[in-house]
Every structure is written in structure tokens, then in C-alpha cells.
Chemist: 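Okay, here's the structure, questions in a sec.
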Amino acid sequence: MWMQIWEQLWERHRGKTVGVLAGGVVGLIYLFFGLWRMLIFVLIVYTGYYIGKKLDRNEPMFPAENTWRWLMDKWRLFR
């Protein structure tokens, strides 16, 4: 019975189910460790996700060339 309910939830409402599970995990972290530690944890997880996403797309992890151009355009005003 529980497996059928779980399968129906997973097939019909996959995003909501993942969202509720992720919210439950973040809520437990908040309850055990506090708000600021939870925010640091979420920041670290997001950084890992961002780096993994860049690696999956075969993009450089840090766009050094674009950042350098942006900085040079900003500093050009002071010359």
C-alpha cells in the first residue's frame, strides 16, 4: 500500500515530492544547528551544485577572461 502511494506521488508530483524532502532536510538542519550554520551549509551546497553544473557543461569554473574584461572596463573610467 505505501509503495503504491509513493509510486503515485513520484510519478505525478515529482517536483513537489523532492521539494518537500529537501525542505524537511533543511528544516532538520535548522532545528539541530541553528539558522546561521544552516545558511552556511546551504551556501556550501549551492557552491558545489554550481561547480558541478559548470563541469557538466564543460565550462570553466570561474570565467576569468570575462571577469578581467569587466574589471578593465570599470577601471577605464579612472584613467
Side-chain angles (χ1 to χ4, degrees):
M1 171 154 176
W2 288 105
M3 288 302 291
Q4 292 174 345
I5 293 173
W6 176 254
E7 288 175 2
Q8 287 181 354
L9 272 175
W10 188 251
E11 290 178 9
R12 294 184 183 168
H13 306 285
R14 185 172 296 183
K16 294 174 188 172
T17 304
V18 171
V20 167
L21 291 174
V25 169
V26 171
L28 285 174
I29 292 170
Y30 171 74
L31 286 176
F32 288 123
F33 299 111
L35 177 67
W36 293 109
R37 289 183 181 173
M38 180 191 74
L39 290 177
I40 295 295
F41 177 77
V42 169
L43 178 68
I44 292 169
V45 169
Y46 178 75
T47 303
Y49 167 77
Y50 179 78
I51 291 171
K53 182 178 157 186
K54 291 286 186 176
L55 290 175
D56 285 345
R57 293 181 178 179
N58 291 328
E59 295 176 357
M61 284 189 278
F62 181 72
E65 187 173 323
N66 293 339
T67 304
W68 181 254
R69 284 186 189 156
W70 180 78
L71 286 172
M72 295 310 289
D73 288 343
K74 292 290 180 184
W75 288 344
R76 188 174 295 162
L77 296 174
F78 298 113
R79 290 185 183 175

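Atom set for the values below is all heavy atoms of this structure, side chains included, hydrogens, waters and symmetry mates excluded.
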Chemist: May I have the step-by-step check of side-chain contact (heavy atoms from CB on, under 4.5 Å) for Val18 and Trp10, ending in yes or no?
Modeler: CA-CA 9 Å; Val18 171; Trp10 188 251; 3.7 Å; yes
Chemist: Looking only at heavy atoms, which two atoms of Leu9 and Thr17 are closest? And how far apart?
Modeler: O-OG1, 3.6 Å
Chemist: What's the separation between atom CG in Leu55 and atom OH in Tyr50, rounded to the nearest 0.5 Å?
Modeler: 11.0 Å
Chemist: Which distance, rounded to the nearest 0.5 Å, do you find between the CE of Met38 and the CH2 of Trp36?
Modeler: 10.0 Å
Chemist: According to a 4.5 Å side-chain heavy-atom criterion applied to Ile, Leu, Val, Met, Phe, Trp and Tyr, with indirect links allowed, do Phe32 and Ile29 form part of one hydrophobic cluster?
Modeler: yes
Chemist: Under the criterion side-chain contact (heavy atoms from CB on, under 4.5 Å), I'd like the reasoning laid out for Leu35 against Leu39: C-alpha separation, chi angles, the key distance, then a yes or no.
Modeler: CA-CA 6 Å; Leu35 177 67; Leu39 290 177; 4.2 Å; yes
Chemist: Say whether Val25 and Val20 are linked into one hydrophobic cluster, either directly or through other cluster members, by side-chain heavy-atom distances under 4.5 angstrom.
Modeler: no
Chemist: Is it true that atom CD of Glu65 has more than 12 heavy atoms of other residues, nucleotides or ligands lying nearer than 6.0 Å?
Modeler: no
Chemist: Around atom CZ of Arg12, are there more than 12 heavy atoms of other residues, nucleotides or ligands at under 6.0 Å?
Modeler: no
Chemist: Check whether any side-chain heavy atom of Arg37 sits under 4.5 Å from a side-chain heavy atom of Ile40, and report yes or no.
Modeler: no
